[in-house]
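Here is the structure we will look at.
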Protein chains: 2
Amino acid sequence: MSASTIEAVARLIGDRWSMLVIRDVFRGVRRFEELRDDLGVSRAVLSDRLKKLVEAGVLVRTPYQDNPPRVEYTLSPMGLELSPMLVALLRWGDRWIGDGDPTAVLLHGPCGTELEQAFWCRTCHTTFGPAAIKAATSADARSPDA
Amino acid sequence: MSASTIEAVARLIGDRWSMLVIRDVFRGVRRFEELRDDLGVSRAVLSDRLKKLVEAGVLVRTPYQDNPPRVEYTLSPMGLELSPMLVALLRWGDRWIGDGDPTAVLLHGPCGTELEQAFWCRTCHTTFGPAAIKAATSADARSPDA
DNA sequence: CAGTATCCTCGAGGATACTG
DNA sequence: CAGTATCCTCGAGGATACTG
């Protein structure tokens, strides 16, 4: 059952560098040398991780300039949907092992954008964004109360 | 900032065995040999991971019998609060790389509980649950519009 | 800049045997 | 059962040099 899922996810992003790379791309660090400088990772390892993440479909490799050729990495839809996990991870880390300042939680969100409505399950401890809600209500699996 | 948090969390639970151990303890697998049988991990590595997780405060080592001495591992409060992250991880894995049955997303949540209101940032792609909202509105960081 | 190629080290982790 | 001790291998990853 879910053991294989955990294992697959761990194999894909469950190492120090992959997670840090993903975090950096979320933050807007998108180029090879920027990532390298920011993370202090060796070229070979960074190259390997980027390749893996692109192959897995988490990142997208996009040339944005022809001459000289330049490349940037962005999050695919699949990669963007890692955000709930990253948020949960950061929240947990800030609360239990963070040395630094805990992430401030604002009604406007850290980027300043006004928050949209979403839903939260107090039993599962899971949040569902508007896209998930939309998908659920438009699909066959309807549960049309409040 | 949060790089250190990510790194610390990755260092603690960001490896294959630690994550699988935690998952098993969540499932109720609590004894050394049970964990070993279920995961197929070597004794030395399992011993090392359990020690690390206990030292970090994620697991609690509890002798439950004196003669012969027997031990079980359970989740500390800190460990229990990993559940949102695990759920997010499983949800993502099921959706994007799971071979098995994807978790259905319902307005009632997978456990049947009715969902509560939460908030979503369309720029950050981040969801904020009711506890976070409560904390934000009661703390100094107020942003009291809709 | 965005990598690839090569070399080298060190430590993670399996296998096995042993212990209270 | 719940580990510890020892040995051994192999591969991850850093450093450095090189390439289009």
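In what follows, chains carry the letters A, B, and so on, assigned in the order in which the sequence lines appear, proteins first and then strands, with residues in each chain numbered from 1.
Separation of atoms OH (A:Y64) and CZ (A:R31) is listed at 3.0 Å; rounding is to 0.5 Å. Going from atom CG of A:D24 over to atom CG of A:D37 covers 10.5 Å, rounded to the nearest 0.5 Å.
As judged by a 4.0 angstrom heavy-atom cut-off over every strand, A:R31 is placed among residues touching the sugar-phosphate backbone only. Backbone-only engagement by B:R61 is indicated by non-hydrogen atom pairs under 4.0 Å involving sugar-phosphate atoms exclusively.
Here B:R30 pairs with nothing under the salt bridge (charged side-chain N to carboxylate O under 4.0 Å, His left out) rule; sequence neighbours left out. Every side-chain hydrogen bond (donor to acceptor under 3.5 Å, both in side chains) that B:D38 has, sequence neighbours left out, goes to B:R27. Taking B:E81 as the reference, A:R95 meet the salt bridge (charged side-chain N to carboxylate O under 4.0 Å, His left out) condition, with sequence neighbours excluded. Legend: residues meeting salt bridge (charged side-chain N to carboxylate O under 4.0 Å, His left out) with B:R16, ordered by chain and number and at least two apart, are A:E7. In terms of the salt bridge (charged side-chain N to carboxylate O under 4.0 Å, His left out) criterion, residue partners of B:R43 (sequence neighbours excluded) are, by chain and number, B:E33. B:F26 meets the side chain to side chain contact (heavy atoms under 4.5 Å, CB included) test with B:I22, B:L75, B:L80, B:L82, B:S83, B:L86; sequence neighbours excluded.
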So what does the secondary structure string of DNA chain D come out as, 5' to 3', with Watson-Crick or wobble pairs under 3.5 angstrom, [ ] for crossing and | for pairs with another strand? ||||||||||||||||||||
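Residues from residues 41-51 of chain B with heavy atoms under 4.0 angstrom of DNA chain D, sorted by number: B:R43, B:S47, B:K51.
In this structure, A:P69 and A:G40 both approach DNA chain D, and ranking their closest nucleotides by distance from the 5' end singles out A:G40.
For DNA chain D, the outermost nucleotides in 5' to 3' order that have an atom under 4.0 Å from a heavy atom of chain A are D:dG13 to D:dA17.
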Using atom types as modelled, flag every donor-acceptor pair under 3.5 Å from a side chain in residues 47-60 of chain A to any protein atom, sequence neighbours excluded.
residue : atom : partner : partner atom : Å
A:R49   : NE   : A:D15   : OD2          : 3.1
A:R49   : NH2  : A:D15   : OD2          : 3.4

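Of the candidates B:D94, B:L89, B:V87, B:V87 is the only one forming a side-chain contact (heavy atoms from CB on, under 4.5 Å) with B:R91.
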